[in-house]
Amino acid sequence: MISIQNSLKTRILFVTGSVILLIMMIISLAILFQWRTILIEKEVTNAQSVVDAFTVPALDALIYAEQRELLKDDLLETYIDNYMQRVNSIKYIEIYDNNNEIVAGKDRNGSGSFSLNLTDENVKSGEYKSIIYKSVDYGWLLDTYASLKIANKKWGVVKIGFDAEPIQKEINDIFFVLLSLTILLSIATLTVLFFLIDKVTFKLKSLVDEIDKIDFKTIEEITLKGDKDEIGFLITRFDDLLKRLKFSKQQLSAAQKQVYQSEKLASIGRLASGVAHEINNPLNGIKNCLYSIQKEPDNKEQTTEYLTLINDGMNYIENVIKKLLGFARQQTQITDSLNINEMIVNVYKLLEYKLKQKQAVVTLNLSDDISTISADNQLIQEVIMNILFNAYDAISEKGKIEIQSGTLDDKHIFFSISDNGIGLKENELEKIFDPFYTTKDPGEGTGLGLWVSLGIVENHNGQIEVKSIPHKETTFTVILPTEVKYENNVS
Amino acid sequence: MKTKIKKYLDISSFMFKKEFLLSLLVFTIVGFAATFLFYKSAIDISTKIPSGKQEVKSVSEKEKLTVYIGVISRYPPNIIFKGYQPIIDYLNQNEKFQFELKLSTSYSETVNQLINGDVAVAFFGSLLYINAHERYGIIPILKPLNEDFKPFFKSVVFVKSSSNINSIKDLKGKRIALPSSESFSGNWLVKYELSKYNILEKDIKEIKNFAYHQNVIYQVLNGDFDAGVVKDRVIEEYDDRKIKVIAYSEPVPGSPIVAAINHDPEIIDAIKSLLLKIDLKHPKYQEILKSWDKEFLYGFVEANDSDYDLIRKYSGKQK
């Protein structure tokens with residue numbers, strides 16, 4: 001089970017979600033600030049138009065008053081009153097003369113005071129740029145200016161304060177609309193993305209489930225059928241991979257069989273001298289018997305005795321050949337209720353003559369109440385043969401070999417072969433199960449014995465342990481389960 | 001092997017879990033902070049107030065002697081400023097004098113301003129000039145050119161385009177609006193032209209003078225009067241779909257710029273030199289003259305008293 005934070009879905013959602021959110025935020029901000037700029041510019045332009053429109057009657061009033069020497073402030077305030085009545089967004093109007101002193105003005109707050117900005121920096125600067133600021137009395141204000149002039153003749157400046165609260169409110173509204181849109185669109189996009197990724201990961205999960213179901217014994221094609229998309233492509237490729245694996249496995253199995261057989265033949269070769277001796281002795285006996293019978297054909301008593309001896313000798317030879325053929329036989333099969341002690345004794349007997357040649361002291365310490373096992377008789381005998389051959393090779397004249405067997409636990413038995421031969425160094429221990437690794441002289445060993453033995457034991461779900469104190473004791477322990485479930489069919 | 005992988009996965013998933021939660025937390029905090037900052041930044045609509053920088057008049061402007069130029073009240077004051085102030089701005093190119101307009105409420109006030117020395121020169125009307133010349137010895141300096149580059153203008157008799165008045169002879173029994181009685185246009189039709197059609201002043205239902213030429217046009221357009229007389233330069237400003245011209249006067253000398261007899265020749269020279277050097281072939285002058293009153297769009301020529309004899313003929317004041 002993949003945890004949520006490790007899930008591909010979460011990661012993709014997290015990363016793409018972040019990217020989408022970021023992009024949405026950037027777009028929203030760009031829209032917001034562009035909108036804000038346009039809104040402010042529009043309001044400033046509108047305000048400027050209103051102020052410009054006001055300058056016409058204001059100029060007329062100023063010129064008229066100047067021409068007729070009237071009190072211009074009275075006249076201007078009449079105009080201001082009229083104008084403020086018509087344009088509700090105006091908070092105040094102030095008219096400055098050329099000395100930057102207020103000559104007329106009106107404040108919508110009703111204070112009648114036009115001393116809002118007696119020292120207006122904007123008026124002083126002569127730049128008359130529209131400014132937006134937050135005033136204590138009015139909140140957000142847009143101050144707009146216009147010069148009261150014709151050509152280069154200047155009478156003063158008119159300044160009109162507009163209510164800028166609606167601009168701020170509109171920007172505030174736009175912000176929340178865009179924020180809501182960003183969140184909604186992000187959620188919508190992520191939801192769509194979630195389902196898309198879910199669909200993809202579902203297919204991947206199905207593929208994984210199919211992979212889990214694969215039986216490596218049979219390696220059958222997967223049943224999942226993909227679409228014509230990347231996942232389908234992956235399924236097809238995986239199917240191809242299974243076919244190639246199956247083919248490789250078949251090839252490997254065939255190669256292993258050959259290797260096992262070769263190793264077996266090599267063992268038979270090594271047994272040959274012992275077998276020849278085993279056959280030679282009874283043959284000489286038979287020959288002597290036949291000679292005596294031929295010499296005295298009428299001695300019925302002798303003939304009967306010698307024929308019995310010949311028969312015994314022939315039986316012995318037959319027995320030896322049976323054992324050899326039994327070992328060399330290629331067909332292998334799992335057999336239930338096998339006694340490991342019997343297999344050990346069989347192999348020991350095949351090697352007995354060779355062991356005697358070296359005057360080896362062999363001790364068989366076999367447990368009587370050992371459980372029977374389900375195993376391949378031939379393959380396990382080959383393992384015993386390989387390990388016993390190694391012990392034989394390791395010991396010197398009159399060396400000691402001990403073969404033990406016993407029960408490890410309810411489900412496992414073991415047998416071990418110890419010798420007091422040259423042993424193995426620590427660095428050699430790491431390599432002895434490698435194929436073609438041998439410490440023997442060239443021509444004496446294939447270097448495949450232990451590799452093959454390990455393969456057989458592991459295929460029986462067993463294991464081989466090796467302990468060695470050079471020149472003192474080396475022990476190979478083979479642990480086998482009482483019941484075998486093959487994962488790989490080596491045969 | 002499987003155990004090892006599982007252990008590795010457990011460790012890495014624990015690390016990833018921490019990183020995941022941490023990044024999620026950081027992402028959320030940064031998101032909130034950024035949103036809040038952007039919100040504050042967006043709703044703060046304040047703009048910078050420009051730093052105080054006093055408007056400084058140029059030294060030359062301060063040192064120059066202020067000289068006033070009068071204009072007769074032929075148009076409303078704002079129209080006079082719009083049309084004449086650019087001329088004053090142009091004249092202020094000179095290095096000695098700072099010219100300024102001085103308006104009046106009547107034609108006679110301008111004459112008084114001139115003889116009192118309140119204004120050095122003045123834009124006059126032709127008829128006003130001959131009268132002022134006769135009484136106060138006022139002299140003409142320059143007169144404007146028309147679109148044919150001739151120093152003349154015409155008075156026009158106009159009616160509403162929908163009117164059935166098609167010639168002067170149809171004016172009998174009608175109401176006529178006129179500009180100032182001291183202007184040529186305010187006298188020409190009634191005093192000289194009607195008689196040619198055997199129409200007497202008493203045959204006209206109503207004759208009324210208005211302060212400005214524009215007022216005359218509005219009166220006719222409003223239907224308060226049947227016909228009006230104005231200068232040709234004024235009628236050109238109005239939509240010919242609404243107005244119909246039924247008669248033109250013969251070309252009469254253009255309204256002069258005049259000076260008092262005791263004028264300061266330096267001022268006159270400064271004005272004359274600048275106004276006479278206007279060359280309409282030059283784009284610079286074309287641009288400058290665009291904003292001038294239409295009467296002065298084609299420049300000036302020097303004026304002599306004798307140029308106005310034609311006006312005298314009309315007024316019966318021939319020398």
Side-chain angles (χ1 to χ4, degrees), chain A residues 2-6 10-11 14 17-18 21-22 25 28-29 32-33 35-36 39-40 43-44 56 59-60 62-64 66-68 98 100 119-134 140 142-143 149-153 164 167-169 171-172 174-176 178-179 182, chain B residues 9-10 12-21 23-24 27 30-31 34-35 37-57 61 73 76-90 92 98-106 109 291-292:
Chain A
I2 300 166
S3 61
I4 189 166
Q5 66 272 17
N6 273 335
T10 315
R11 288 180 190 210
F14 186 70
S18 308
L21 209 60
L22 201 67
M25 270 180 79
S28 297
L29 283 174
L32 175 69
F33 282 94
W35 205 325
R36 178 180 180 272
L39 198 65
I40 292 173
E43 290 299 323
V44 168
V56 177
L59 262 174
D60 286 350
L62 279 168
I63 294 165
Y64 187 76
E66 191 176 74
Q67 202 186 5
R68 284 172 173 72
N98 284 333
N100 299 331
T119 53
D120 192 307
E121 295 296 324
N122 221 345
V123 171
K124 276 186 183 176
S125 73
E127 286 184 8
Y128 313 139
K129 194 178 157 192
S130 292
I131 55 161
I132 300 173
Y133 62 97
K134 194 167 191 178
W140 285 99
L142 164 61
D143 275 355
K149 66 190 280 191
I150 296 173
N152 284 347
K153 168 76 175 174
I167 307 175
Q168 212 243 8
K169 191 182 171 299
I171 290 168
N172 190 64
I174 293 166
F175 178 86
F176 284 106
L178 284 173
L179 184 69
T182 305
Chain B
L9 281 176
D10 285 347
S12 62
S13 54
F14 173 69
M15 284 172 70
F16 184 74
K17 194 175 179 180
K18 266 177 73 179
E19 284 171 12
F20 178 78
L21 289 174
S23 47
L24 204 64
F27 193 79
V30 169
T35 310
L37 285 176
F38 285 132
Y39 174 70
K40 293 295 281 180
S41 164
I43 60 159
D44 180 10
I45 54 171
S46 59
T47 50
K48 278 184 185 172
I49 298 171
S51 56
K53 184 174 66 178
Q54 286 285 357
E55 199 178 9
V56 183
K57 285 189 174 180
E61 202 176 312
S73 57
N78 57 340
I79 292 177
I80 291 177
F81 269 110
K82 276 170 195 159
Y84 287 71
Q85 185 60 41
I87 304 172
I88 303 300
D89 294 341
Y90 170 73
N92 279 332
Q98 177 65 28
F99 294 111
E100 279 189 28
L101 275 179
K102 187 165 252 185
L103 273 57
S104 62
T105 52
S106 65
E109 190 186 337
S291 55
W292 290 19

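Below, chains carry the letters A, B, ... as their sequence lines are ordered, and counting in each starts from 1.
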Drop me the distance from [X]'s [atom1] to [Y]'s [atom2], to the nearest 0.5 angstrom.
| X | Y | atom1 | atom2 | answer |
| --- | --- | --- | --- | --- |
| Leu32(A) | Tyr39(B) | CG | OH | 11.0 Å |
| Ile131(A) | Thr47(B) | CD1 | OG1 | 6.0 Å |
| Ile45(B) | Glu43(A) | CD1 | CD | 9.0 Å |
| Ser46(B) | Ile40(A) | OG | CD1 | 9.0 Å |
| Ile88(B) | Ile150(A) | CD1 | CD1 | 12.5 Å |
| Glu100(B) | Lys153(A) | CD | NZ | 4.5 Å |

Heavy-atom distance under 4.5 Å to chain B: side chain of [X], backbone, both or neither?
| X | answer |
| --- | --- |
| Ile174(A) | neither |
| Leu22(A) | neither |
| Ser28(A) | neither |

Contact part of Ser104(B) toward chain A, heavy-atom cut-off under 4.5 Å: side chain, backbone, both or neither? backbone
Contact part of Thr105(B) toward chain A, heavy-atom cut-off under 4.5 Å: side chain, backbone, both or neither? both
From CA spacing to verdict: side chain to side chain contact (heavy atoms under 4.5 Å, CB included), Trp140(A), Asp44(B): CA-CA 10 Å; Trp140(A) 285 99; Asp44(B) 180 10; 3.3 Å; yes
Test Phe38(B) against Phe175(A) for ring-ring contact (aromatic ring centres under 6.0 Å, His included), laying out the working first. CA-CA 9 Å; Phe38(B) 285 132; Phe175(A) 178 86; 8.6 Å; no
Run the side chain to side chain contact (heavy atoms under 4.5 Å, CB included) test on Phe27(B) and Leu21(A) for me, step by step, so that the C-alpha distance in whole Å, both residues' side-chain angles and the decisive distance to 0.1 Å come before the verdict. CA-CA 11 Å; Phe27(B) 193 79; Leu21(A) 209 60; 3.7 Å; yes
Mark yes or no for whether Asp89(B), through its side chain, and Asn152(A), through its backbone, hold a donor-acceptor pair below 3.5 Å. yes
Only pairs of heavy atoms separated by less than 4.5 Å count here; which of Ser41(B), Ser73(B), Ser291(B) has the most with chain A? Ser41(B)
Ranked by heavy-atom pairs below 4.5 Å to chain B, first place among Ile171(A), Ile63(A), Leu179(A) goes to Ile63(A)
If every non-hydrogen atom of Ala151(A) is compared with every non-hydrogen atom of Pro86(B), which pair is closest and at what distance? CB-N, 3.8 Å
